[in-house]
Amino acid sequence: MSGDFGKILVTGSYGQIGSELTPRLRELYGKENVIASGRKVPSVDRGPFEILDVNNIKRLDEVVVEHDVEVIIHLAALLSASGEKNPNLAWHVNIDGLYNVLEVAKNRKLKRVFNPSSIAVFGPETPRDKTPQETVMKPRTMYGVTKVTGELLGDYYNHKWGVDVRGIRFPGIISNVAPPGGGTTDYAVEIFYEAIQNGQYTCFLRADSTLPMMYMPDCLKGVVQLLETDLSRLKHHTDFNMSAISFSPAELVVEIRRHMPEFKVEYKPDFRQAIADSWPKSIDDSIARKEWGWKPDYDLKAMVGDMLKVLGSRLRKTE
Ligand code: SER
């Protein structure tokens, strides 16, 4: 399938994942073949772009037809903490938006849809260590509810109409291009900015809150691998567990202090603690490894070293 996708539309292309996945897809499949989209005009235009709100199905359909889109990478969504502040909006964007994407994919017979899921599909009744692929899914957040629903909806379109919908249950993604917004795992990104710029950080989770995480290069690699896998190899579609690193804030701090011994941290857990407490500590991703060859490259040490290097040189330049 590599290189044979035709035109790819990315929704939410200027979010945390989109701002790195869009350029990666352009590198792989050609700049003109990847149409970025979002609700506002981007400050830097690096290729084809369309203003698009995923809640406007007419406009979504127009963009797909105009550009002869064959694949939609659907990244527009609210994350867990934002979703708790505004559950109605989370449902509207995450579910009604996805429904529009799936309807257009079905009606226009698109080749493929990628719709990310999340560790947020799990809840307090789920086994928290090495959480299996098939297990209890009773999330307590609206974000989690929308992600379980999204997985089921994607599978429904797959079984009923043959729409090739694929998805990964992302852990917390750590990155250094666009800041994440509104997630519970975001502390693991903020901490690097604060460490470099201020030498101290107030963490909104407890020191022992172990969560599954992943560095952005692994996330990009995983998405591309799953997209390129031949459909005949997949038994699962919308809900792959995917794991890389698990650590707590305290363990992350130890690793950062190897580079910055003076780094100071205090812990002031807020409402996001309850969300973190309802999620797994580690994930069993053996199905993704088996069906499409998933294997991460970055451990905690490599991720921290790279984050401090990349972010350190960028932030120093802009000072
Ligand atoms: N990073 C997400 C969040 O914290 C989890 O998928 O909401």
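All ligand and atom numbering here is 1-based and tracks the order in the structure.
Ring centroid separation for the pair F240 and W294 does not come in under the 6.0 Å cut-off.
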**OP:** In sequence, state the C-alpha distance, the side-chain angles, and the governing distance for T131 and T126, and then conclude on side chain to side chain donor-acceptor pair (under 3.5 Å).
**Re:** CA-CA 7 Å; T131 300; T126 307; over 6 Å; no
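For the salt bridge (charged side-chain N to carboxylate O under 4.0 Å, His left out) test, no residue two or more places apart in sequence or in another chain qualifies with R128. For E255, the salt bridge (charged side-chain N to carboxylate O under 4.0 Å, His left out) partners at least two apart in sequence or on another chain are R258.
By the 6.0 Å contact criterion, OH on Y193 is enclosed, its count of non-hydrogen atoms from other residues, nucleotides or ligands being greater than 12.
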Identify each donor-acceptor pair in which a side-chain atom of residues 168-177 lies under 3.5 Å from a protein atom, sequence neighbours left out, and give them as a table.
{"residue": "R169", "atom": "NE", "partner": "E151", "partner atom": "OE2", "Å": "2.8"}
{"residue": "R169", "atom": "NE", "partner": "D239", "partner atom": "O", "Å": "3.4"}
{"residue": "R169", "atom": "NH1", "partner": "Q133", "partner atom": "O", "Å": "3.0"}
{"residue": "R169", "atom": "NH1", "partner": "D239", "partner atom": "O", "Å": "3.4"}
{"residue": "R169", "atom": "NH1", "partner": "N241", "partner atom": "OD1", "Å": "2.9"}
{"residue": "R169", "atom": "NH2", "partner": "E151", "partner atom": "OE1", "Å": "2.9"}
{"residue": "S175", "atom": "OG", "partner": "Q16", "partner atom": "NE2", "Å": "3.0"}
{"residue": "N176", "atom": "OD1", "partner": "R314", "partner atom": "NH2", "Å": "3.3"}
{"residue": "N176", "atom": "ND2", "partner": "Y215", "partner atom": "OH", "Å": "3.2"}

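Sorted by chain and number, the residues within 4.0 Å of ligand 1 by heavy atom are L79, S80, S118, Y143, F170, G183, T184, T185, W279.
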